[in-house]
Protein chains: 2
Amino acid sequence: MSSAKSREALVQELEEAMRRSSAQGVMYGQAVAEVAGISNSDMECMDILLLEGRVTAGRLAEVTGLTTGAITGVVDRMEKAGYVRRERDESDRRKVFISVIEEKAAEIGKFYVPMQEAMLKVWSSYTEDELRLLLRFANDGHKGVLEATAALKSVIDTPPEQRAKLKMPPKSRR
Amino acid sequence: MSSAKSREALVQELEEAMRRSSAQGVMYGQAVAEVAGISNSDMECMDILLLEGRVTAGRLAEVTGLTTGAITGVVDRMEKAGYVRRERDESDRRKVFISVIEEKAAEIGKFYVPMQEAMLKVWSSYTEDELRLLLRFANDGHKGVLEATAALKSVIDTPPEQRAKLKMPPKSRR
DNA sequence: GCCTAATATCTTATAAACTAAGATAATTAG
DNA sequence: CTAATTATCTTAGTTTATAAGATATTAGGC
């Protein structure tokens, strides 16, 4: 019974299942923001900061897609709440680095514990070989999403006249 | 030699890889909303509608975590833009079902094409047995995230005195 | 059947957070 | 040195959210 389901049906089920669980993942993030008492955008910036450590205001704007003005607001709020600190770059004094204050940020990290525990529980029912496959998929998937994001964004940058039918050559920016 | 990587290391890598790709997934969603010219919340509601087909305003509020007043606004905007239509339930005339207008919704669906293509490309490099494993994981994962969301929300309802310490995850080294 | 409570959505006033445009300040190039 | 560029912040106005309560419908107890 190697084909109880056709490959096509399998792929379709996969698509739907992935969509559902990623939607639920988004909602988890919102719930964390709510419990932590900070806005969604602030939370997203914290995530970036926790991953990259020390980032300029401009890069936050770039990554989140917010305007620099909005980022000023985000950083004001997070600084006031004690999560981050502004540090002017001494070699280029226009730049402002935002850096995480670890002790305070750890309070937020706690809210990810239920998620980590749930995932550990799920993974505990898989063999090591299966986990290796999942890891391969997570990495392949990440690359795929990056690719898709680039393809989609090239649509944004295409002037409306030319936008009629979408093509995929990723346009190099910056 | 069945463990080139220890199970623990594997799980940790998985955790990080999943976090990265889901963060990228969130960004894809934002990009779609931007290209489609509708807000993030509106987009989220559209996603729910596309999945469930026909949903009451109250359920949208429940699922998204927005107030019913905010949902009124969301539906007003989407109705005005022609994506959905309000339908009063004849058997309980307090209820308002929101249902998708397929032809118009397809315009949004088109922005998911780059993502679908990227995923198809990824999946094409897996065997059917492997796809079945991925499907199992997607479903298990969804259940896990639901569980985690519930666990997190129970923290909201816990009085602050008892909320003091949650277990921290095993310190992740990067 | 009638009154009260509960449910589902919408309305209003107000607040939060965003954008667009432009001000400020520092750096780089000619 | 001056002009152009870069990075962030400020301001005015808009969008989208909340909280509280209005409106309309249904359900339950007597």
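The sequence lines fix the lettering, A, B, ..., with proteins before strands; numbering per chain opens at 1. Just so we're clear, the structure is a prediction, and the values are computed from it rather than from any experiment.
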A/Arg77 to A/Tyr83 six-membered ring, cation-pi geometry met (6.0 Å, 45°) = no

Spacing between A/Leu60 atom CG and D/dC9 atom C1', to the nearest angstrom = 15 Å

Integer-rounded Å distance: D/dT15 P and B/Asn40 CG = 17 Å

query = Would you call the rings of A/Tyr28 and A/Tyr112 parallel, tilted or perpendicular if under 30° counts as parallel and over 60° as perpendicular?
reply = tilted

query = Can you find a donor-acceptor pair, distance only, under 3.5 Å between B/Thr68 side chain and C/dC10 base?
reply = yes

ask   = At under 4.0 Å, does any side-chain N or O of A/Arg88 touch on OP1 or OP2 of D/dA7?
value = no

query = Taking A/Met78 as the fixed residue, which of A/Ile38, A/Asp42, A/Ile101 is the one that meets the side-chain contact (heavy atoms from CB on, under 4.5 Å) rule?
reply = A/Asp42

key: Lys/Arg cation over aromatic A/Phe97: A/Arg85, 6.0 Å, 45° cone   = no

ask   = Which whole-number value in Å describes the distance from B/Leu66 CG to C/dA16 P?
value = 17 Å

ask   = Roughly how many Å is it from CD1 in A/Ile71 to P in C/dA17, rounded to a whole number?
value = 13 Å

request  = Verify the contact: side-chain N or O of B/Arg94 to OP1 or OP2 of C/dT9, cut-off strictly under 4.0 Å; return yes or no.
outcome  = no

request  = Determine the contact category for A/Thr64: base if any of its heavy atoms lies under 4.0 Å from a base atom, sugar-phosphate if only primed atoms, P, OP1 or OP2 are that close, otherwise nothing.
outcome  = nothing

inquiry  = Closest-nucleotide mapping onto DNA chain C: is A/Ser39 or B/Ala70 further toward the 5' terminus? I mean the 5' end.
reply    = B/Ala70

request  = Let me know the distance between CG of B/Asp42 and C1' of D/dA17, rounded to the nearest Å.
outcome  = 12 Å

query = Within the structure shown, what part of the strands sits under 4.0 Å from A/Ala57 by heavy-atom distance: base, sugar-phosphate, or nothing?
reply = sugar-phosphate

remark   = Winner on side-chain proximity to B/Lys95, out of C/dA8, C/dT19, D/dT8, is C/dA8

task = Look at the side-chain N and O atoms of B/Thr67 and state whether any lies under 4.0 Å from the OP1 or OP2 oxygen of D/dT18.
result = yes

ask   = Is there a side-chain contact between B/Trp123 and A/Leu10 (heavy atoms, below 4.5 Å)?
value = no

remark   = Between CG of A/Asp92 and C1' of D/dT8 the distance, given in whole Å, is 11 Å

ask   = So what does A/Arg59 hit on the nucleic acid, given a heavy-atom distance under 4.0 Å: a base, only sugar-phosphate, or nothing?
value = nothing

Between D/dT25 (C1') and B/Phe97 (CZ): distance, integer Å = 15 Å

note = Heavy-atom nearest nucleotide on DNA chain D taken for B/Ile38 and for A/Arg86; more 5' hit belongs to A/Arg86

query = Can you find a side chain N or O atom of B/Ser41 that sits less than 4.0 Å from OP1 or OP2 on D/dT16?
reply = no

inquiry  = Is B/Arg77 close enough to D/dA17 that one of its side-chain N or O atoms is under 4.0 Å from OP1 or OP2 there?
reply    = yes

query = So what does B/Gly73 touch, heavy atoms closer than 4.0 Å: a base, only the sugar-phosphate, or nothing?
reply = nothing

query = Separation of A/Glu90 atom CD from C/dA26 atom P, in whole Å?
reply = 12 Å

task = For the pair A/Glu107 and A/Lys110, find out whether any cationic side-chain nitrogen is under 4.0 Å from an anionic carboxylate oxygen.
result = no

